[in-house]
Amino acid sequence: MSATAPQVEQLTIEQQVMEIVRELLLQQGKERAAANLKPSSSFERDLGLASLDLVELMVRCEQKLELELPDEIAEQADTPAGWAKAIQQGTQEKSAESVYRIVPPSGVIAPEPVAAETLVDILRWHVEQTPGKTHIHLLDAGAGRGITCSQILDGAEAVARGLLAQGIERGAPVAILLPNGEEFLHAFFGIVLAGAIPLPLFPPADVTRLTEYMERQANLLRKTGARFLIAFQQVRSLARMLRVSVPGITGVAQVDTLRELGSRTQRKLPAPHETAILQLTSGTTGDAKAIPLTHANVLADIRGIGRRVGVNGHDAVVSWLPLSSDLGLVGCWLFAMYYGIPLTLLSPKEFFERPETWFWAIHDSRGTLSAAPNFSYEMCARRLPMSAVEGVDLSCWRMAVNAGENVMGETIEHFTRRFAAIGFRPEAMAPGYGLAEAGVALALSDPGAGPWCDAEGFYSVGRPLEGAEVRIYNGHVQFRAASQSPSVRGEDGWTDSGDLGYLTAEGCLVVTGRSKDVIVRKGRTISPQQVEAAALQATGVRASSAAAIGVKDTSTGSERLVVIVESLAENSSDQRRVGEGVRRSVEAALGEPPDEVFVIPPGTLPKTANGKLRRGEAIEHYRQRSLGREGRAPAVEMAALWQRNFGALAAAGIKRWLRTATQRIRFGAARATARFGGWLISTLNKPNWTASFARTALSLAGRRAMLEGTLPAAGCLVVANRCGHPDPVALAACLPRRVTLAGAEALHGVLGASESLLHNSVASTHAEMVAALRRGDVLVLFPDAPIGVAAERCRFRLPALRAAQEAGVPVVPLAMDEFRLRTTARVGTPIDPGPSVVELRNRIREAISGLYA
Amino acid sequence: MRVDLLPSPVQPSLIDATQAFRDTEIFLTGANGFVGKVVLGLLVDRFPDFKHLHILMRGKAGNPPEERFQKDVLGSPSLKPIVERRGKAAFLDKITLHLGDVSQPQFGLTDETLASLRGRVGILINCAGLVEFFPPVDESFRSNVDGAECSVVVAEKLAAKLVHISTCFVCGESDGLVEESEPILGYYPRRKGPQDRSFRFDEEIKFIREQVAAIRDRAARSPRRIAPKEIAQQLIDLGTQRAAQWGWVNIYTYSKSLGEQIIASQPNLEWAIVRPAIVEAALEFPFPGWVEGGRTAAPLVMMAMAGLRHWPLRPDAPMEVVPVDQVGTSILTAAAALHQGVKNKVYQIGTADSNPIPLGSIVDWMHEEYRREKKKWLPTGGVKIVSAATAKRRGERLIARLAGLQYLATGMRKVAQKSGLPGRRALGGLATQLRMLGLQVNIREQTLALYQPFMLDNRFIFEAENIRAAHASLTEADRAKLPWSPEQIDWRRYWIDNEVAGIQKWVAAEFMKGKSFKI
């Protein structure tokens with residue numbers, strides 16, 4: 001009996017999963033697929049479910065079965081039966097997992113980097129002041145880990161070296177296409193350290209509209225003149241296509257690859273007035289634009305926010321916003337870094353799939369500050385089952401910044417009422433306002449003030465931040481601020497935000513809408529926000545999924561008010577009913593009905609990566625009569641992309657292949673020459689052929705070598721640093737004859753056989769070295785450490801130095817330096833080996849680093 | 001005979017170890033460990049007129065320290081010949097045993113005891129430590145961090161100087177030479193230079209203690225009963241993560257480095273830190289080939305002598321091995337030097353500096369020895385050096401094949417059982433054996449992975465200049481009593497006759513009980 005029990009359970013889980021899948025398919029109008037549904041049907045191939053649908057499916061399964069599913073489930077299994085099995089295993093294994101624990105802030109406020117002028121200064125300051133302190137708690141799919149500022153600096157330095165090795169010019173835009181994670185942090189600061197400008201792109205959110213996405217990105221990259229693209233493994237084929245379709249891009253790489261391409265060159269750090277970030281606007285009205293923000297802009301904005309917020313030692317930031325958005329990057333990450341506040345970072349994907357992770361993260365880290373656009377509050381208020389947040393305590397949340405989108409009274413009320421039960425304080429809700437052109441934030445409510453709205457339901461977003469001024473000009477909101485991007489500053493110093501609003505008597509800003517979005521119908525101005533709020537009241541409309549747009553009517557010269565709503569309604573009569581509801585609801589609010597109402601399937605309204613509405617895109621869809629058209633299957637999208645880019649990709653591939661092939665042939669020839677030369681010299685005993693062979697080998701590899709100064713002809717110990725792999729051959733090209741090498745282990749495997757060109761024998765023990773020196777040989781010692789270590793830290797082994805002491809021969813320091821494929825060996829003044837070898841070594845190191853200057 | 005000793009122009013005053021040990025009493029911890037026993041043996045055997053020795057022994061219920069000392073220490077094979085040679089009576093009354101533990105505050109000794117020893121004990125030698133690579137982090141801390149902290153306190157209360165035994169591998173990740181002169185305070189393997197002050201040992205220790213307390217607290221408060229094994233795993237993960245974050249290869253070296261930093265941060269203490277590399281079989285004292293415990297290279301030797309041919313290692317990288325008697329003599333040399341005022345020095349006890357043995361040669365020698373021992377005359381090919389990935393793949397393939405065979409054998413047994421055919425017992429036995437074999441291969445793979453940082457990922461050469469200098473300044477007589485002669489070791493002979501033979505004789509029997517590397 002006991003053996004059959006799990007069998008029964010599996011069957012039921014499988015049946016439940018099947019039921020959920022069938023429901024989803026029917027809702028999507030895929031009757032035939034639903035009818036043919038089998039436990040072994042492939043989600044993607046047989047049922048045509050895209051990855052977003054799988055996410056939806058996952059959420060439904062979780063709600064229905066009351067459990068949490070691992071994100072990998074979609075990758076591991078592609079059939080209902082597979083899911084059922086994974087669900088069963090998952091519930092069994094869940095308990096054994098070790099949990100990452102977030103240490104709440106200590107209450108001691110970190111020293112503020114008041115003198116910092118650039119982003120690099122902030123990072124360095126915290127590496128210096130609070131080393132070992134966890135800066136970011138990165139949570140991903142239930143696992144988590146802590147990241148310190150030193151780790152970010154280390155990773156960033158490696159990325160910077162890699163970028164420099166790739167020949168990135170100073171001030172060149174480098175695009176980052178990475179999700180929230182450690183790689184983003186490294187890439188961002190790596191680019192800044194390399195003197196270039198990061199341009200964070202939004203990772204593709206919807207695989208069913210890849211072609212559109214790619215077109216937008218290519219346009220953006222072309223416009224900004226991006227030179228390089230850092231992407232992640234999963235999108236490498238997209239990145240390659242971007243590379244061939246944007247001529248300015250010279251390279252595409254992953255963070256890991258960049259880390260390994262070290263070089264030694266340092267670049268001057270950026271100055272405060274130089275551009276720090278190319279920040280994308282969210283692109284709600286049209287195509288996203290890249291706004292250049294200087295270091296001074298970003299710092300001014302961060303300080304402004306900090307003053308308003310009144311940062312204290314118990315503060316902790318929690319964010320799920322993509323780091324590629326202004327609010328996520330400047331408003332959360334860089335802000336938290338500046339003030340040394342711990343940041344708990346989630347991925348947007350995680351949040352969309354399981355909104356409760358946001359609350360749990362706040363609970364676990366005792367988060368006090370967290371910002372998000374209005375729709376996410378709405379989503380939590382509507383969709384989050386209270387059972388998922390049972391045990392959460394939100395009383396620590398002192399500022400729930402609501403910014404980046406119009407603040408809706410309905411949402412605030414709903415959210416506050418619903419989550420008061422788990423400790424959410426009404427006064428914590430803090431509407432704010434900002435735009436990428438002004439750093440990120442321009443105005444923010446005072447902490448603890450609570451939200452305030454006028455008679456028409458427009459919310460106050462607080463007073464302008466310190467260092468920022470706001471004026472109303474013809475009803476338009478205009479601003480002037482230290483954080484204002486120089487690119488948008490008007491002649492009089494003011495910038496028009498494109499938003500409409502007014503200032504209250506207390507100096508608080510109230511934003512009433514976007515001027516571009518405002519619909520003018522028959523002389524009457526209509527705020528789309530008002531219409532949308534009304535439309536959302538109607539039954540059957542999905543949360544935050546209504547758009548009101550104004551479309552030019554050529555016959556009247558006025559605009560037509562079109563309302564588009566997403567609904568789960570499947571058949572046309574239901575849709576008509578929903579449409580009628582919307583029409584009535586809008587009419588009640590406006591006093592007149594909308595011209596047209598469209599009811600479209602869920603997930604088809606164009607939105608940004610942050611989940612905000614893209615009205616411009618919606619107008620475009622309306623014009624092309626493609627409203628509500630569902631995306632194509634990911635495979636079809638991919639195929640279309642491939643077909644479009646195939647020629648360019650093939651050409652680039654052939655070019656690359658040819659280049660590597662030529663290089664391989666040349667290096668092969670160089671190695672063969674060196675090896676054959678070494679053998680020939682030994683066999684024919686012609687030591688003075690060394691230099692010519694070495695030079696031939698070097699020139700085959702496209703390199704040159706030269707010696708500055710003269711080496712003693714005999715009886716000395718030459719101590720050289722290493723600057724690159726061909727050092728020994730380069731040295732051989734400069735010397736009149738072959739030498740003895742002190743301990744070849746350090747060179748072993750680095751050069752293969754070619755080092756035999758340089759030396760005719762190896763002295764590996766102390767006694768052999770003494771004998772060689774007494775014989776009058778030139779003994780060469782290389783450091784026993786990886787290539788590229790600075791001269792003052794080179795590790796020279798002491799037996800050779802002791803041998804020089806004992807034989808009483810001079811020690812000659814030699815600085816090897818490589819610049820543009822030319823290796824220079826500079827000879828220093830011979831040093832008399834004193835009594836102490838350790839001291840001798842220090843003197844040699846000093847002498848070698850002295851030769852660099 | 002020694003070619004590398006220069007007659008220095010200014011002759012420093014010679015260190016007289018015999019006189020030093022005659023003058024002052026010594027306090028020794030960890031005397032029942034591998035190194036501790038050799039130190040004790042050397043002292044008793046080579047300096048018979050030492051003044052007095054205090055030994056800290058851990059107590060167990062119903063097992064008085066005297067009995068344990070007689071049985072476990074003096075009765076061990078290493079000290080037996082010395083006891084026989086010198087006679088117990090000659091030294092037993094000069095040894096005082098103290099019941100205590102290095103991880104307890106002031107070793108668990110009373111204030112009266114410490115006060116009575118104050119001024120008498122000149123040197124405290126701390127040989128105690130937990131040489132396990134990945135234990136739960138609190139266990140490692142108890143011996144290696146708390147132990148260091150308490151020995152500092154005891155040394156201060158005794159007004160004694162402290163000789164602390166650490167390990168060369170506190171350097172962490174490395175590719176090449178590791179210098180002795182590297183500053184101890186603030187060190188972590190990925191340190192970017194002396195100006196890099198990211199690592200503060202006191203904060204680090206505090207952090208780990210808080211985290212350990214949190215893990216235990218969470219376990220105690222959890223509504224679900226959490227198995228001790230699960231807590232231990234969390235503690236291991238904590239230590240592993242933290243060590244790796246700074247660049248240490250395991251929890252052992254991480255905690256040892258923290259212990260060193262505690263000692264180096266004491267302004268008023270005079271100390272010497274002795275860092276042996278991989279401590280292996282004795283060269284000649286107490287007798288050639290004495291070795292104890294299976295911690296260091298023993299698993300590798302056993303795998304090689306069971307015929308393993310594919311090794312994931314860097315053949316040119318040296319194996320930083322040092323015979324245990326040379327470690328013992330170095331500790332006593334450092335102690336004598338410290339007593340005479342050579343203070344705050346680090347002694348790295350390694351051999352690759354002057355006489356390296358490449359890892360490739362070691363596995364070659366062992367394979368030849370294996371063939372000779374097993375009388376395998378047929379040429380089956382020698383040792384192959386493979387990448388870590390290849391080694392792993394081979395292991396996985398082997399495990400898969402064994403599992404397949406086992407499945408087959410089990411199936412056949414079932415068929416035999418049902419149909420009443422003969423041979424089901426033999427098939428059952430076969431399946432069990434295959435299962436055991438699979439487990440053994442698994443253990444072997446895990447062991448290779450455990451040693452990967454030392455054989456493949458890193459290359460270590462430890463500079464051993466300070467011990468050379470200290471040894472050179474010993475008096476002629478002491479130099480003979482406390483030899484330090486890595487250059488003169490014939491590695492091939494040592495490895496086969498001392499190391500392999502020693503491990504087969506003293507370690508293998510004990511070790512093979514649980515797991516085997518034979519395949």
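Throughout, a chain's letter reflects where its sequence line sits, starting with A, and its residues are numbered from 1. For the numbers below, each heavy atom of this structure counts, side chains included, while hydrogens, waters and symmetry mates do not.
Here CZ of B:R190 is found 8.5 Å from CD of A:Q151. Values are rounded to the nearest 0.5 Å. Taking OG of A:S150 as the start and CZ of B:R191 as the end, the distance is 12.5 Å to the nearest 0.5 Å. The structure places CZ of A:F796 at 9.5 Å from CD of B:E179, a figure rounded to the nearest 0.5 Å.
Residue contact with chain B, scored on non-hydrogen atoms closer than 4.5 Å, involves the side chain of A:V837 exclusively. In this structure, no portion of B:Q241 lies under 4.5 Å from any heavy atom of chain A. With a 4.5 Å cut-off on non-hydrogen atoms, B:D175 touches chain A through its backbone and its side chain both. Contact of B:D196 with chain A is not made at all, since no heavy-atom distance falls under 4.5 Å. Of the atoms belonging to B:R200, it is side-chain heavy atoms, and not backbone ones, that fall under 4.5 Å from chain A.
The environment of CZ in A:R774 is crowded: more than 12 heavy-atom neighbours from other residues, nucleotides or ligands sit within 6.0 Å. Residue-environment remark: CD (A:E390) stays at or below the threshold of 12 foreign heavy atoms within 6.0 Å.
The pair A:R802-B:E465 counts as a salt bridge, with a side-chain nitrogen and a carboxylate oxygen less than 4.0 angstrom apart.
Your options are A:D154, A:L798, A:T148, and the one with the most heavy-atom pairs under 4.5 Å with chain B is A:L798. In terms of non-hydrogen atom pairs under 4.5 Å with chain A, the most contact-rich of B:E463, B:E204, B:R314, B:E203 is B:E463.
Between the A:R797 side chain and the B:D353 main chain, a donor and an acceptor come within less than 3.5 Å of each other.
Between A:T765 and B:S354, the closest side-chain pair of non-hydrogen atoms is not below 4.5 Å. Two residues are said to be in side-chain contact when any heavy atoms from C-beta on lie closer than 4.5 Å; A:E128 and B:S198 fail this criterion. Within the 4.5 Å cutoff, the side chain of B:E487 has no heavy atoms near those of the A:H766 side chain.
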